[in-house]
Amino acid sequence: MRSGINTGFSVLETLVYFYERKLGKEFRQQADSKQKVTMDTQFSFKTTHYCSASGARTGELTTPHGIIQTPVFMPVGTCATVKSLTPQDVEETGAQILLSNTYHLYMRPGHEIVKKAGGLHKFMGWNKPILTDSGGFQVFSLSDLRKITEDGVAFSSHIDGSKHMFTPEYAIEIENALGADIIMAFDECSAYGADHNYAHSAMKRTLSWLERCYNYHKNEKQMLFPIVQGNVYKDLRLYSLSASKEFAKCGIAVGGLSVGEPKEQMYEMLTVMQPHYPENMPRYLMGVGSPDCLVEGVKRGIDMFDCVIPTRIARNGTAYTTQGKVVVRNGIYKEDFTPLDPLCDCYCCRNFTKAYLRHLINTDEILGGRLLSYHNIYYLTHLMGRIRAAINADRFEEFYKSFITSPEYKQ
RNA sequence: GGACGGGUUCCCGAGUGGCCAAAGGGAGCAGACUGUAAAUCUGCCAGCUCCGCUUUCGGUGGUUCGAAUCCACCCCCGUCCA
């Protein structure tokens with residue numbers, strides 16, 4: 001089924017070599033000449049099991065705030081909170097690590113305040129690992145409010161319109177102040193639809209910013225992940241990956257996907273990159289979190305995912321379940337006194353009915369979005385648990401085949 | 001009993017001769033949401049044989065080429081006065 005793509009590999013690999021020699025060389029040389037950040041003993045990654053038939057694998061990522069079993073799904077707490085949930089709730093759902101955001105916390109309350117509070121973990125009362133995004137995604141999502149230059153990005157605050165300059169150095173400074181276990185390099189996430197020419201320049205800019213992030217980052221208690229860009233162009237992806245690897249000491253991320261392109265195109269990019277990731281570190285696919293994409297990502301060698309989707313669709317009245325998507329807002333659940341998901345044993349499913357959840361959502365009661373958020377995160381973290389179990393038991397291929405034909409896949 | 005004010009499509013509420021199947025809310029029904037400017041946004045919301053037609057603006061009758069809008073009577077509702 002992937003024969004077309006596989007046939008293309010040799011051609012693409014040729015392209016990679018070409019790029020590495022003609023274009024990527026400078027990055028490799030620069031990287032090699034820098035003093036390598038020694039990975040603190042608090043960090044390590046080891047793969048525990050490989051699927052023999054695909055890229056799927058399980059592993060353990062050790063951080064200063066605990067060990068993470070991979071593949072892992074990370075709930076998003078942009079403003080130092082997973083919207084509507086307490087850290088205790090989030091922990092109960094099985095989440096092992098949270099994502100938070102540099103741009104938002106810089107804007108409010110300000111990274112200095114978080115630093116004074118003793119760092120993000122203390123500030124928000126979450127003792128497990130945290131990853132901060134760099135603000136690179138806001139280059140994409142707030143595209144009407146920013147201006148990109150080679151030096152960095154000038155944002156007009158989405159809150160009050162005030163001007164703020166984000167350079168790679170400043171992004172790292174903020175991330176250092178926040179103190180997450182994993183920090184992301186400042187990148188430019190180019191929009192789906194960008195032409196090859198623009199995608200190429202955005203990708204090159206991201207690499208140049210990566211080097212600046214790498215050089216500026218001095219805190220050995222935080223892992224810096226480079227972000228591979230290149231939009232939906234195979235040659236750019238391979239070039240970006242190849243060049244980014246040189247700066248990847250603890251992990252590497254794939255960004256700029258799931259930004260509007262067809263899923264097949266995203267899968268194609270992942271398939272193309274799959275043979276070229278560093279083996280000894282986690283690969284993080286940014287912004288991906290629908291059940292189908294998680295499974296497809298794991299199959300293509302991804303170890304970490306994050307996404308706002310479980311919490312956002314929850315607040316908008318939708319749940320992921322083992323039976324498929326349930327839009328509890330819909331009228332058919334008016335008198336449905338059964339749980340959201342009969343196979344789920346989360347607090348929400350053990351105690352409440354669809355009719356009640358529908359009532360909460362339809363009356364705009366905050367508990368509705370809260371219970372659905374709790375359930376959706378629980379569902380995804382447990383989906384990852386099922387995936388890990390399947391890999392460890394050498395059953396991932398069977399799991400995959402069964403999953404893609406189940407109602408869970410397309411929801 | 002008298003004086004005003006009012007009865008509009010599920011609800012509230014605009015509309016005071018043609019541009020009105022009738023603004024705008026709400027409710028209802030559905031869809032979207034992937035490193036969160038999102039408890040947000042979008043669509044539908046009289047009926048049909050749906051580029052057109054039919055039935056709607058308390059009721060009945062009338063004026064007019066044409067009425068939710070004007071007139072007459074009637075029925076309700078509100079406020080105030082007796």
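Note that this is a predicted model, so its numbers are computed, not measured. Each chain gets a letter, A, B and so on, in the order the sequences are listed, and its residues count up from 1. Just so you know, these numbers use all the heavy atoms, side chains as well, and skip hydrogens, waters and symmetry mates.
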Name the atoms and distances for all side-chain donor-acceptor pairs under 3.5 Å in residues 104-113 of chain A, with sequence neighbours left out.
from, atom 1, to, atom 2, distance (Å)
A/H104, ND1, A/N101, OD1, 3.0
A/Y106, OH, A/H164, ND1, 2.6

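Nucleotides B/C57 and B/C10, compared at atom C1', are 15 Å apart to the nearest Å. A distance of about 34 Å separates the C1' atoms of B/A22 and B/C33, rounded to the whole Å. B/C41 and B/A37 have their C1' atoms separated by 13 Å, with the value rounded to a whole Å. With both ends at atom P, the span from B/U9 to B/A68 equals 14 Å, rounded to whole Å. Between B/C11 and B/G1, the two C1' atoms lie 35 Å apart (nearest whole Å). As rounded to the nearest Å, B/A46 and B/G24 have P atoms that lie 12 Å from one another. On the P atoms, B/C76 is 37 Å away from B/C29, given to the nearest whole Å. Only the C1' atoms considered, B/C70 is 14 Å distant from B/G18, to the nearest whole Å.
Evaluation of the side chain to side chain donor-acceptor pair (under 3.5 Å) rule for A/N127 yields no partner, not counting sequence neighbours. By the side chain to side chain donor-acceptor pair (under 3.5 Å) test, A/Y333 pairs with no residue at all, sequence neighbours left out. The side chain to side chain donor-acceptor pair (under 3.5 Å) check on A/T132 picks up A/E175, with sequence neighbours excluded. Under the ring pair (Phe, Tyr, Trp, His ring centres under 6.0 Å) criterion, A/F403 pairs with A/F399, not counting sequence neighbours. Every residue meeting the ring pair (Phe, Tyr, Trp, His ring centres under 6.0 Å) condition with A/Y347, not counting sequence neighbours, appears here in chain and number order: A/F352. With sequence neighbours excluded, no residue satisfies side chain to side chain donor-acceptor pair (under 3.5 Å) with A/S141.
Side-chain rings of A/Y214 and A/F247 approach one another, their centers coming within less than 6.0 Å. Remark: aromatic rings of A/F155 and A/F166 are close, center separation under 6.0 Å.
B/U64: no Watson-Crick or G-U partner with both key distances under 3.5 Å is found in any strand. Remark: B/C44 base-pairs with B/G28; criterion is Watson-Crick or G-U wobble with both hydrogen-bond distances under 3.5 Å. Look at B/U36: it lacks any Watson-Crick or wobble partner with both distances under 3.5 angstrom. Base pairing analysis places B/G78 opposite B/C4; the two distances defining the Watson-Crick or G-U wobble pair are each below 3.5 Å.
Among residues at least two apart or in separate chains, salt bridge (Lys or Arg N to Asp or Glu O under 4.0 Å) pairs with a member in residues 270-280 of chain A are A/R57-A/E279, A/E279-A/R283. Listed by first and then second residue, the side chain to side chain donor-acceptor pair (under 3.5 Å) pairs involving residues 76-86 of chain A are A/T86-A/D89 (not counting sequence neighbours).
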With sugar-phosphate taken as primed atoms, P, OP1 and OP2 and all else as base, the protein-contact string of nucleotides 26-36 of chain B at under 4.0 Å (heavy atoms; B, S, -) is ---SSBBBBBB

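Residues from residues 142-159 of chain A with heavy atoms under 4.0 angstrom of RNA chain B, sorted by number: A/L142, A/L145, A/H158.
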Measure all distances between protein nitrogen or oxygen atoms and nitrogen or oxygen atoms of nucleotides 42-45 of chain B, and list the pairs falling under 3.5 Å.
none

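In this structure, A/K354 fails the cation-pi test against A/F337, since its NZ or CZ atom is not both closer than 6.0 Å to the six-membered ring centre and inside 45 degrees of the ring normal.
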